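Below is one structure, written out as structure tokens; the observations come after it.
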Amino acid sequence: MELQLPARPPFSFAAVADSHGWRQLAPFGGDRDALSYVLRLNAGRVIELHLAGAGDGVRVAADGEFAAAELSEIAATVTWMFGLDQDLSAFYAAASGEPKLAQAAAGGKGRILRSPTLFEDVVKTILTTNTVWGSTKRMVANVVGLFGDPLPADPARRAFPTPASLAASDEATLRQAARLGYRAPAVLELAQRVAAGALDLEGLRTADLPTPELRKRLLAIKGVGPYAVANLLMLLGRYDAIPIDSWALSQVSRGFHGGAAIGPAEVEAAFARWGAWKGLAYWFWQWAD
DNA sequence: GGTAGACCTGGACGC
DNA sequence: GCGTCCAGGTCTACC
């Protein structure tokens, strides 16, 4: 099976793949020019998608035969993951006079790689907090390996777990076997609420909510604080928030304050002039190093 | 509203 | 090989 999915130009497959570290997390595989992703379709079938750039869009390939409904689901999933229908022309127009953002427009940067579900993105975001990237990769790999459905052609590879699969686990297993540590209760509670229908996380992807209300709902999730909510808002296409972590403080300190100690307010102030686009301006800013 | 301390893991470091 | 220290956001208790 092969699909060609068009994107609103400008588009760069490698730029989306490199937009942040998500492609290094299971069940992604491959490199910036050719990604793979083990996807569990809604009906439970587990497949491996092979994704690559093709002109102004994405080429999707997978082994096997697919029904029309499955093809439609795959197309919608990849369109969401790569933000193919996003219109960032206003951001490029705003950034046109800024040398530090010149490479963004020229390189087709602006889209941020997403997971197929907001559930997966929330879990992964929680697993990025208060730890180093190597631990995040390990924790995500553990969760996928322990609770994901296997790919029939290669059972060692698995899809990201469903909320029900994680909800059926327990805190001790998540703490010790998956090595989530103190994050285990947060991930378990999230999975249980989504699996029970108490939290419609996927509905938030397309909800026509003002950003402050969306922020409020995401902040209500255990384990999601100011940094995590800003990261999730970026993934949801709301760019008026900056995910301020220790790296952001370090970069803004060096780039705007000569290395002096700063706090979140200084990061916000440094990008305030970009308004609704300040998150993207920060994300794709060309830092000295 | 602001602040301090606990939470947990794994890497770096010293012995 | 072992023990100690530290970095990394969020949560809770307290002022």
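Letters go in sequence order (proteins before strands), and every chain restarts at 1. Not measured: the values here are computed from a predicted model.
Taking atom CG on A/N142 and atom C1' on B/dC8, their separation rounds to 14 Å, with Å as the unit. Between the CG atom of A/L127 and the C1' atom of C/dG8 there is a distance of 13 Å, rounded to whole Å. Spacing between atom CH2 of A/W133 and atom P of C/dG8 amounts to 15 Å, rounded to whole angstrom units.
The phosphate of C/dT10 has neither OP1 nor OP2 within less than 4.0 Å of any side-chain N or O from A/R183.
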Dump every N/O contact between nucleotides 10-12 of chain B and the protein below 3.5 Å, one line per pair.
from	atom 1	to	atom 2	distance (Å)
B/dG10	OP2	A/R179	NH2	3.1
B/dG11	OP1	A/R138	NH2	2.9

Distances for protein N or O near nucleotides 11-15 of chain C N or O, under 3.5 Å:
from	atom 1	to	atom 2	distance (Å)
C/dC11	OP1	A/G223	N	2.4
C/dC11	OP1	A/V224	N	3.4

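Side-chain contact between A/D154 and A/V38 is absent, with no heavy-atom pair separated by less than 4.5 Å.
A/L190 and A/L233 end up in the same hydrophobic cluster when Ile, Leu, Val, Met, Phe, Trp and Tyr side chains are linked at under 4.5 Å.
Of the charged side-chain nitrogens involved, at least one lies within less than 4.0 Å of a carboxylate oxygen, so that A/E98 and A/R273 count as a salt-bridged pair. Using a 4.0 Å cut-off between a side-chain N of Lys or Arg and a carboxylate O of Asp or Glu, A/D31 and A/R23 do not qualify as a salt bridge.
Between A/F271 and the options A/W277, A/Y239, A/F256, a ring pair (Phe, Tyr, Trp, His ring centres under 6.0 Å) holds for only A/F256.
Contact annotation for A/S246: backbone-only contact, meaning every heavy-atom pair under 4.0 Å involves sugar-phosphate atoms and none involves a base.
Heavy atoms only, all atoms of each residue included: A/G223 and A/I126 are closest at O-CG1, 4.0 Å.
Looking at residues 227-234 of chain A, you'll see A/Y227, A/A228 sit with a heavy atom under 4.0 Å from some atom of DNA chain C.
Geometrically, A/R114 engages A/W80 in a cation-pi contact defined by less than 6.0 Å to the ring centre and at most 45° from the axis. With A/F13 as the aromatic partner, A/R111 does not meet the cation-pi criteria of under 6.0 angstrom to the ring centre and within 45 degrees of the ring axis.
Below 30°, between 30° and 60°, or above 60°: for A/W287 and A/W247 the angle between ring planes is above 60°, a perpendicular geometry.
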